[in-house]
Amino acid sequence: MEELVEQPSIRPSSSNESKNEAIVYEGQLERVFKGRRPRILSGMRPTGKLHIGHWAGALESWVGLQEVADNFFFIADYHALTTKLDSTDITQLSLEMMTDWIAFGIDPERSPIFRQSKVKQHTELFLILAMLITKARLERNPAVKDQVRDLGIGEQMMTYGHLGYPVLMAADILLYKGDLVPVGEDQVPHIEITREFARKFNEHYQAARGNVFTEPKAYITKYARLPGLDGRRMSKSLGNTISLSDSEDDTWNKMRKAVTDPAKVRKGDPGTPEICLVFTYHNKWNPDGVEEIRQGCSSGSLGCVDCKKKITEKLNEAFRPAREKRRELEARPEFILEVLNQGETKARTAAEETMSEVREAMKFG
Ligand code: SF4
């Protein structure tokens with residue numbers, strides 16, 4: 001999920017869109033689940049410290065979902081191998097990411113956090129599901145083609161792991177009997193494959209209680225894909241991010257170098273805020289002041305330095321408590337490990353329940 005689920009795109013819900021059985025849009029939970037708390041499975045590949053794009057694209061939504069759903073949050077460390085074979089730092093990256101999750105609002109008491117590699121049932125179910133899909137079907141999956149293109153590796157370098165990525169993702173989801181999976185719209189084909197797996201397994205194998213799997217749905221939120229400080233896709237590898245854990249000074253030092261409307265060279269020049277990434281950040285973190293920024297930029301009365309100072313203040317204000325909490329958590333690594341241990345125990349219990357049904361249905365006694 002690059003990021004299993006990182007950075008969904010903006011897509012307001014409409015009555016037409018809700019006709020797709022495989023998709024639930026933000027704001028439709030109550031209607032679809034009729035008061036029942038759905039189970040949600042969300043994951044990210046461990047990339048270390050998270051940046052503000054992760055927050056806007058996924059984490060903020062995850063935090064809110066804890067109020068209305070039962071969540072499992074997993075660190076997709078096996079999935080990380082599809083983009084980075086060197087796993088020397090995988091544990092450190094996983095712990096860094098998890099520290100951000102907790103500092104910024106994931107409550108591990110309510111929502112177990114675990115590493116995919118520590119719940120062996122993921123690979124067991126992956127193997128079984130792999131028997132239920134053809135190579136041709138996997139090759140037709142547009143999301144895999146997009147991933148290979150994004151990685152710049154070409155079809156010749158595509159591994160069995162790349163092709164089988166949706167199979168492992170389906171195992172991740174079905175193992176916890178997730179009702180919903182927050183994904184970007186480009187990831188919906190993965191959810192459709194997962195639904196096919198559920199149907200196919202149920203057709204072939206029945207447990208004493210009937211169907212083992214239910215068909216999960218994609219959950220699409222309205223959160224934005226934020227541009228990086230240079231206007232390109234925000235990515236740590238491009239060096240254009242602001243980390244959630246950056247100090248307030250670092251936040252300013254990065255923001256002041258952000259690319260702006262090239263036509264606005266100095267204060268007094270009229271700018272076009274709609275093409276400026278700083279304005280995108282104002283939209284997200286300064287909704288009450290965004291009109292003033294728009295007018296100031298367009299008229300020229302607002303200079304870019306002042307505009308960047310304002311958004312830096314807003315960002316620092318919004319993240320101050322979480323950054324403080326993160327510093328406290330960093331000083332308590334044993335706590336993070338204990339939380340992970342507890343989450344992994346809960347996840348293994350849930351996963352084993354499902355696998356017991358799977359083995360029973362398949363007559364693996
Ligand atoms: S004033 Fe603000 S919105 Fe306008 S170009 Fe400068 S940084 Fe961008």
Side-chain angles (χ1 to χ4, degrees), residues 2-3 6-12 26 47-61 63-64 100 104-105 150 184-186 220-324 326:
E2 156 77 282
E3 318 319 41
E6 213 177 279
Q7 311 223 17
S9 56
I10 296 174
R11 184 72 176 265
E26 189 174 9
T47 50
K49 290 179 179 176
L50 300 181
H51 54 66
I52 60 174
H54 292 112
W55 170 258
L59 192 52
E60 184 178 20
S61 161
V63 170
D100 276 332
F104 283 79
D150 290 349
E185 282 190 277
D186 54 342
I220 310 282
T221 68
K222 294 178 199 155
Y223 291 98
R225 192 187 291 268
L226 286 184
L229 293 164
D230 57 1
R232 292 183 288 172
R233 176 176 64 92
M234 187 178 286
S235 164
K236 200 159 89 175
S237 60
L238 296 175
N240 61 3
T241 66
I242 292 174
S243 296
L244 291 179
S245 55
D246 275 343
S247 69
E248 299 197 358
D249 285 348
D250 285 345
T251 302
W252 167 242
N253 285 329
K254 289 181 177 178
M255 187 69 78
R256 72 190 174 84
K257 295 180 194 144
V259 170
T260 60
D261 175 2
K264 187 167 167 59
V265 179
R266 59 185 65 80
K267 188 174 175 181
D269 293 342
T272 308
E274 289 74 17
I275 63 165
C276 177
L277 66 95
V278 177
F279 187 68
T280 311
Y281 297 173
H282 274 285
N283 263 314
K284 171 70 190 152
W285 282 282
N286 184 21
D288 294 340
V290 78
E291 210 34 59
E292 190 186 329
I293 298 293
R294 184 197 305 278
Q295 284 172 12
C297 176
S298 307
S299 69
S301 65
L302 176 67
C304 291
V305 174
D306 286 339
C307 184
K308 290 174 177 179
K309 277 185 182 159
K310 279 184 205 282
I311 190 58
T312 302
E313 273 167 32
K314 292 289 177 188
L315 268 175
N316 285 338
E317 214 174 89
F319 292 146
R320 197 167 291 136
R323 283 170 164 170
E324 178 59 36
R326 197 188 197 286

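Whatever order the structure lists ligands and atoms in, that order sets their numbers, starting from 1.
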For Cys304 versus Thr260, what's the shortest heavy-atom pair and its separation?
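In terms of heavy atoms, the two residues are closest at SG-OG1, 3.9 Å.
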Considering all heavy atoms, the nearest Leu277-Gly228 contact: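 The pair with the smallest heavy-atom distance is CD2-O, 3.3 Å.
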| Is the distance between atom 6 (Fe) of ligand 1 and the nearest N/O/S atom of Cys307 smaller than 2.8 Å? |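 Short answer: no, not a single N, O or S atom is under the cut-off.
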Nearest-option assignment for atom 4 (Fe) of ligand 1, heavy atoms, candidates Cys297, Cys276, Ser301, Cys304 |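 The residue whose heavy atom sits nearest atom 4 (Fe) of ligand 1 is Cys297.
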message = Students often mix this up, so state it plainly: with edges at 30° and 60°, are the rings of Trp285 and Tyr281 parallel, tilted or perpendicular?
response =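 Trp285 vs Tyr281 ring planes: perpendicular.
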State which residue, out of Lys49, Arg323, His51, Arg326, fulfils the side chain to side chain donor-acceptor pair (under 3.5 Å) condition with Asp100.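 Of all the options given, the one that passes is Arg326.
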> Does Asp246 offer a backbone N or O that forms a donor-acceptor pair with the side chain of Ser243 under 3.5 Å?
Replying inline: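 No; judged by distance alone, with no hydrogens or angles, the pair does not exist.
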*Can you list the ligand 1 atoms lying under 4.0 Å from a non-hydrogen atom of Asp261?*
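Those atoms are 5 (S).
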Side chain, backbone, both or neither: which part of Thr260 comes within less than 4.0 Å of ligand 1 when only heavy atoms are counted?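 Side chain only; the backbone of Thr260 stays clear of ligand 1.
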Worksheet item: Where is the nearest protein heavy atom to atom 1 (S) of ligand 1: which residue, which atom, and how far?
Response: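 Going by distance alone, atom 1 (S) of ligand 1 is nearest to Lys264 CE, 3.5 Å.
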